[in-house]
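This report refers to the structure that appears directly beneath it.
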Amino acid sequence: MSQFDNLESYPPFFRPNHGFDSNEHSCKTSLHLDSDSDRLPVIDFLCMNPENLSEACRDWGMFRLINHGVPLNLLNQLHDHAKKLFSLSFESKQDLFSSSSPLSYFWGTPALTPSGDALQKVSSTQDHNWLEGLNVSLTPISQFKYEDPLLESFRSLLEEYGRQQCRVATTLFSTMAEDLKLCSTKFKSYLSPATGTLRVYRYFRCMDSDRRWGIDVHTDSSVISILHQDEVQGLQVFKDDQWLDVKSIPNTLIVNLGDMAQAMSDDKYLSVKHRVKVNREKERISIGYFVFPDEDVVIECSKYKPFTYADFRTEVQKDLKTVGAKIGLQKFKVTQE
């Protein structure tokens with residue numbers, strides 16, 4: 001029996017027969033899904049240059065990164081610790097991660113405020129995501145210590161992982177800036193390591209896996225997002241009017257561009273649509289790193305009105321609360337006369 005068969009670790013809403021009608025949510029998969037091959041571009045971190053990176057950013061907005069230098073032992077330890085923490089009872093997890101901690105606990109929705117609070121309340125009357133997770137603020141994590149040995153060990157691993165991902169993201173963006181011919185001032189302010197955040201996700205098993213989503217279709221708001229996933233497949237990317245499975249290949253990272261990268265590139269780069277399916281038999285762990293511009297730096301380009309990331313985030317949070325969906329860059333698009 002797997003440690004994940006412990007249903008006490010699930011939020012009550014996701015336990016079988018708990019106020020849950022499997023017919024309340026219709027299937028949203030209406031386009032062809034190609035799962036025969038993994039066509040995602042592969043970028044060798046050690047041989048990266050503006051030309052090969054540019055092609056992946058412009059045509060796909062997502063690529064697989066190899067030879068990234070993040071220690072395999074660190075990745076394995078992070079996933080092992082995450083599984084142990086997520087296997088705790090739901091009530092224990094709620095108590096363990098206090099509001100004053102750099103690690104905050106969420107479930108049912110990935111839409112969070114900067115402090116890690118859910119923007120949308122999960123209920124049986126609305127769509128919800130089959131996940132739980134930890135939102136990790138990297139800036140204060142080195143000053144925080146936990147009395148619990150498992151949690152303190154996890155905190156230390158997350159701190160090191162954040163440093164590794166900052167290194168990878170900064171190098172990637174430096175090459176992108178060279179391709180886009182960004183001036184040094186924009187390069188320094190358009191990607192701010194201090195904004196780096198980690199999300200540790202656990203996607204629940206779901207018997208209704210054809211009709212439920214770990215995370216539904218979306219684009220990221222970041223400049224760059226970097227994902228490490230376990231052996232359980234679930235991530236899908238939208239390319240050429242079809243959904244493609246992104247296979248789980250050991251010791252590789254998945255990089256995708258967010259809305260900020262698309263705006264900074266004047267729509268030369270693609271903020272790619274992606275989603276996460278759930279599995280009937282297995283749970284899935286993934287760890288995402290998200291990095292943003294300085295909040296108050298003005299992003300200037302011909303396709304969009306000048307705006308800051310703070311402006312963008314405010315609009316996204318307002319839309320999620322009022323219309324229940326992210327509108328994103330369309331709200332800043334320059335009107336064509």
Side-chain angles (χ1 to χ4, degrees), residues 2-5 29 32-45 56 60-87 110 129-134 136 154 157-158 161 164-165 168-169 172 198-207 209-210 212-220 222 224-240 242-258 272-290:
S2 165
Q3 61 182 329
F4 287 134
D5 288 328
T29 307
H32 176 63
L33 174 65
D34 182 354
S35 59
D36 294 334
S37 62
D38 187 301
R39 292 182 265 158
L40 204 65
V42 177
I43 298 293
D44 187 329
F45 189 72
W60 282 78
M62 180 182 285
F63 53 88
R64 187 181 303 279
L65 195 65
I66 62 173
N67 293 325
H68 45 73
V70 181
L72 181 58
N73 185 52
L74 174 62
L75 295 171
N76 290 337
Q77 287 187 72
L78 276 170
H79 282 264
D80 288 343
H81 279 64
K83 289 177 181 178
K84 290 176 182 177
L85 285 168
F86 284 137
S87 70
N129 300 110
W130 278 69
L131 59 72
E132 67 177 349
L134 297 172
V136 184
F154 190 49
L157 291 169
L158 289 168
Y161 189 60
Q164 293 284 346
Q165 294 291 40
V168 172
L172 286 170
L198 293 176
R199 291 273 186 93
V200 186
Y201 297 104
R202 175 201 190 188
Y203 298 96
F204 304 126
R205 286 186 300 112
C206 178
M207 296 303 293
S209 59
D210 291 333
R212 303 283 169 178
W213 296 102
I215 300 181
D216 210 338
V217 182
H218 67 287
T219 61
D220 291 345
S222 59
I224 295 174
S225 305
I226 306 175
L227 181 74
H228 185 263
Q229 50 187 348
D230 65 11
E231 71 281 358
V232 180
Q233 196 161 287
L235 179 63
Q236 296 178 335
V237 59
F238 191 63
K239 170 67 173 170
D240 296 333
Q242 62 183 350
W243 286 101
L244 305 177
D245 283 324
V246 178
K247 292 185 178 179
S248 298
I249 299 178
N251 203 25
T252 68
L253 299 173
I254 302 299
V255 179
N256 71 265
L257 305 184
V272 65
K273 292 180 181 178
H274 53 291
R275 66 187 185 186
V276 180
K277 286 184 65 65
V278 289
N279 192 292
R280 287 176 60 88
E281 299 176 355
K282 297 180 179 180
E283 298 188 347
R284 178 174 180 268
I285 298 287
S286 68
I287 303 175
Y289 172 82
F290 307 88

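Counting heavy atoms from C-beta outward, Gln229 and Val246 have side chains that approach closer than 4.5 Å. Counting only heavy atoms from C-beta outward, the side chains of Val255 and Ile43 never approach each other to under 4.5 Å. In this structure, His228 and Tyr161 have side chains that are in contact, with non-hydrogen atoms separated by less than 4.5 Å. Between Gln165 and Leu253, the closest side-chain pair of non-hydrogen atoms falls below 4.5 Å. Counting only heavy atoms from C-beta outward, the side chains of Val200 and Leu85 never approach each other to under 4.5 Å.
If you take CG on Leu244 and CG on Leu235, they are separated by 10.5 Å, rounding to the nearest 0.5 Å. Separating the CZ atom in Arg275 from the CD1 atom in Ile215 is a distance of 12.5 Å, to the nearest 0.5 Å. With rounding to the nearest 0.5 angstrom, the CD atom of Gln164 is 11.5 Å from the OH atom of Tyr289. To the nearest 0.5 Å, atoms CD (Glu231) and CZ (Arg284) are separated by 10.5 Å. The SG atom of Cys206 sits 12.0 Å away from the CG atom of Leu131 when rounded to the nearest 0.5 Å. Remark: His274 NE2 to His218 NE2 distance equals 3.0 Å, nearest 0.5 Å.
Taking both residues in full, the closest heavy atoms of Ala169 and Ile224 are given as O-CD1, 3.8 Å, listed atom of the first, atom of the second, then distance. Between Ala82 and Phe154, the shortest heavy-atom contact is N-CE1, 4.0 Å. The two residues Thr219 and Val272 make their nearest non-hydrogen contact at CG2-O, 3.7 Å. In plain terms, the two heavy atoms of Val278 and Trp213 that are nearest each other are CG1-C, 4.0 Å.
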For residues 62-76, which side-chain donor-acceptor pairs fall under 3.5 Å, sequence neighbours excluded?
{"from": "Arg64", "atom 1": "NH1", "to": "Lys247", "atom 2": "O", "distance (Å)": "3.3"}
{"from": "Arg64", "atom 1": "NH1", "to": "Thr252", "atom 2": "OG1", "distance (Å)": "3.1"}
{"from": "Arg64", "atom 1": "NH2", "to": "Asp38", "atom 2": "OD2", "distance (Å)": "2.8"}
{"from": "Arg64", "atom 1": "NH2", "to": "Lys247", "atom 2": "O", "distance (Å)": "3.0"}
{"from": "Asn67", "atom 1": "ND2", "to": "Asp44", "atom 2": "OD1", "distance (Å)": "3.1"}
{"from": "Asn67", "atom 1": "ND2", "to": "Asp44", "atom 2": "OD2", "distance (Å)": "3.0"}
{"from": "His68", "atom 1": "ND1", "to": "Val70", "atom 2": "N", "distance (Å)": "3.0"}
{"from": "His68", "atom 1": "NE2", "to": "Asn251", "atom 2": "O", "distance (Å)": "3.1"}
{"from": "Asn76", "atom 1": "ND2", "to": "Leu72", "atom 2": "O", "distance (Å)": "3.4"}

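Contacts of Ser286 classified as side-chain hydrogen bond (donor to acceptor under 3.5 Å, both in side chains), with partners at least two apart in sequence or in another chain: none. Partners of Asn279 under the side chain to side chain contact (heavy atoms under 4.5 Å, CB included) rule, at least two apart in sequence or in another chain, are Val232, Glu281, Lys282. Listed by chain and number, the residues in a ring pair (Phe, Tyr, Trp, His ring centres under 6.0 Å) with Tyr201 are Tyr203 (sequence neighbours excluded). Taking the side-chain hydrogen bond (donor to acceptor under 3.5 Å, both in side chains) definition, one finds that Glu132 meets it with Lys93, Tyr105, Arg202, sequence neighbours left out. In terms of the side-chain hydrogen bond (donor to acceptor under 3.5 Å, both in side chains) criterion, residue partners of Asn256 (sequence neighbours excluded) are, by chain and number, Asp220.
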